[in-house]
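One structure is given here, and the rest of the page talks about it.
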Amino acid sequence: MNNTQPKRHGLSKSRILLHRQCPKRLWLKVYRPELEEIDDGSQSRFATGVHVGEIARRLFPEGVLVDGDDLGQAISDTQAILAGEKRPVFEATFQSGGVLVRADLLLPAKNGYRMVEVKQSASVKDYHLADAAIQSWVARQAKLPLASVEIAHIDSSFVYPGGGDYRGLFRYADISEPVAAMEAEVPGWVSAARETLSGEEPRIAPGAQCETPFECPFFGYCSSPASAEDGYPPEILPYGGALAAILRGDGYTDLRDVPEGRLGNIKHRRVWRVTRSGQAELDPEAGKLIAALPYPRYYIDFETINPAVPVWAGTRPYMQVPFQWSCHVETANGAMSHRAFLATRADFSRKA
DNA sequence: CGAGGCAATATGAGCTCTTG
DNA sequence: CAAGAGCTCATATTGCCTCG
């Protein structure tokens with residue numbers, strides 16, 4: 001009997017979800033966390049998610065937050081708040097069967113509470129359902145009366161009026177039905193995750209689960225050094241994922257070894273030629289086209305920003321807002337002049 | 001049966017950086 | 001110290017249907 005290990009590792013909702021994506025991912029997260037490679041992209045999405053959650057809470061000023069790192073304390077705080085006058089609760093914490101969850105929002109309703117998960121996405125995604133199912137399963141076990149289970153996602157048609165007024169930023173989607181249908185599966189997910197954690201490192205070959213639904217930070221560890229060649233894998237072919245898979249199946253691990261006859265697409269052939277020769281190819285037609293352009297010639301470049309939570313009045317979530325441009329002007333005599341703009345003020349977007 | 005057209009789907013580029 | 005897991009726009013490819 002080896003039941004001390006599983007007890008040491010409580011299961012949070014996120015751990016069960018990791019296990020659903022890949023048992024090995026959960027195992028590594030718990031026993032070999034130092035192998036995790038976290039990139040900037042997921043780091044910043046993460047930060048955006050926190051910001052979005054914070055905005056969602058601000059919309060319910062009468063709400064009370066269950067904070068602190070002490071989860072046992074959070075659970076008893078939650079019970080104390082729920083025993084009092086009914087009002088919105090943020091980060092309400094529940095535990096059942098060794099599984100711990102925290103609900104982003106609990107909103108008072110006629111028959112109990114609406115349990116709302118806040119997501120920075122612009123629509124309800126399939127993987128949100130499993131997430132919510134774990135949440136509601138635990139909450140129900142903990143005897144919380146649930147009026148509904150909902151996802152609050154960003155409404156990308158929302159236009160920010162300014163002044164910190166974010167009413168309407170979120171759309172509340174009721175997913176009570178699909179979640180109720182899924183709840184029966186939750187105990188199975190929990191015991192499967194336990195089982196994985198009480199065993200040795202699972203042997204699972206890299207595959208589609210490495211990216212779906214989320215990119216795995218242990219991919220570098222799982223993919224063997226042999227396949228991480230620094231040559232020219234067939235995958236560099238643009239829009240060539242399907243073809244690359246076929247070529248790999250036929251044993252080609254380097255584009256340069258592939259016979260030209262296997263490539264039909266004209267762009268694939270160009271990539272193949274350049275990769276083999278190591279010589280850049282210049283299309284003479286492109287040169288002719290450029291030589292024929294009239295003067296003055298304008299060379300323009302600009303930069304944009306697209307925050308999930310709109311910052312400037314009149315903009316929408318995820319709207320690309322330019323804030324800088326630069327333009328070189330070349331005249332017939334070869335003289336080059338430059339004009340540029342960089343926004344430094346809060347109302348900058350219009351001018352840029 | 002194949003060309004052509006349209007729609008659905010895939011891919012790539014470019015962008016976010018906190019709070020309790 | 002742990003949470004969460006995004007979007008838009010443009011373009012390319014693929015899949016399916018229709019019609020000659």
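Note on naming: letters A, B, ... go to the chains in the order of the sequence lines (proteins, then strands), and numbering restarts at 1 for each one.
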Figure out the [atom1]/[atom2] separation between [X] and [N], and round it to whole Å.
| X | N | atom1 | atom2 | value |
| --- | --- | --- | --- | --- |
| A:K29 | C:dA2 | NZ | C1' | 9 Å |
| A:I154 | C:dG6 | CD1 | P | 12 Å |
| A:F170 | C:dC7 | CZ | P | 13 Å |
| A:N265 | C:dT11 | CG | C1' | 13 Å |
| A:F46 | C:dC7 | CZ | C1' | 19 Å |
| A:D301 | B:dC15 | CG | P | 9 Å |
| A:E36 | C:dC1 | CD | C1' | 13 Å |
| A:Q43 | B:dT18 | CD | C1' | 11 Å |

Using a heavy-atom cut-off of 4.0 Å across all strands, would you classify [X] as base, sugar-phosphate, or nothing?
| X | result |
| --- | --- |
| A:R316 | nothing |
| A:R20 | nothing |
| A:E303 | sugar-phosphate |
| A:L17 | nothing |
| A:N306 | base |
| A:T48 | base |
| A:A122 | sugar-phosphate |
| A:L18 | base |

Proximity to the side chain of [X] - top-ranked nucleotide from [options]:
| X | options | answer |
| --- | --- | --- |
| A:I305 | B:dT19, B:dC15, C:dA5 | B:dC15 |
| A:S12 | B:dG20, C:dA3, B:dC15 | C:dA3 |
| A:K119 | C:dA5, B:dT19, C:dT8 | C:dA5 |

For [X] and [N], is the shortest distance between a side-chain N/O and OP1 or OP2 below 4.0 Å?
| X | N | value |
| --- | --- | --- |
| A:S44 | C:dG6 | no |
| A:Q120 | C:dG4 | no |
| A:K125 | C:dG4 | no |
| A:S14 | C:dA3 | yes |

inquiry  = For C:dC9, give the paired nucleotide (Watson-Crick: N1-N3 plus N6-O4 or O6-N4; G-U: N1-O2 and O6-N3; both under 3.5 Å), or none.
reply    =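 When the pairing criteria are applied, B:dG12 turns out to be the nucleotide that pairs with C:dC9.
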
inquiry  = When both hydrogen-bonding distances must be under 3.5 Å and the geometry is Watson-Crick or G-U wobble, what is C:dA3 paired with, if anything?
reply    =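 For C:dA3, the partner nucleotide comes out as B:dT18, under the 3.5 Å rule.
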
key: A:Y239-C:dA12 aromatic stacking (under 5.5 Å, under 30°)   =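 So no, this residue does not stack on that base, at least one cut-off failing.
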
inquiry  = Using a distance-only criterion (donor-acceptor N/O pair, under 3.5 Å, no hydrogens), is the base of C:dA3 paired with the side chain of A:R15?
reply    =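 A donor-acceptor contact between them is absent.
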
query = On DNA chain B, nearest-nucleotide positions of A:G240 versus A:P307: which is more 5'?
reply =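 In this pair, the answer is A:G240.
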
request  = Between A:Y318 and A:L65, just flag the one whose closest nucleotide in DNA chain B comes earlier from the 5' side.
outcome  =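 Here A:Y318 is the residue nearer the 5' end.
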
ask   = Hey, which of these two, A:H128 or A:M319, hits DNA chain C nearer its 5' end, going by closest nucleotide?
value =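 It is A:H128, whose closest nucleotide lies nearer the 5' terminus.
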
query = Taking A:F170 as the fixed residue, which of A:I55, A:D155, A:V116 is the one that meets the side-chain contact (heavy atoms from CB on, under 4.5 Å) rule?
reply =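 Testing each of A:I55, A:D155, A:V116 against A:F170, the sole residue satisfying side-chain contact (heavy atoms from CB on, under 4.5 Å) is A:I55.
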
query = Transitively linked via ILVMFWY side-chain contacts under 4.5 Å: A:L144 with A:V64?
reply =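 Same hydrophobic cluster.
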
key: Presence of salt bridge, A:E185 and A:R20, under 4.0 angstrom   =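 Not counted as a salt bridge, because no side-chain N and carboxylate O are separated by less than 4.0 Å.
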
Salt-bridge criterion met for A:R262 and A:D250 (N-O under 4.0 Å) =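 Here A:R262 pairs with A:D250 in a salt bridge, since their nearest N and O are under 4.0 Å apart.
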
request  = Could you grab the distance from atom CG of A:D77 to atom CG of A:D67, nearest 0.5 Å is fine?
outcome  =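 Separation between the atoms: 8.0 Å.
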
Within the 6.0 Å centroid threshold, strictly below: A:F214 and A:Y127 =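 Distance test on ring centres: under 6.0 Å, yes.
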
key: Flag for A:S123-A:H153: side-chain donor and acceptor within less than 3.5 Å   =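 No.
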
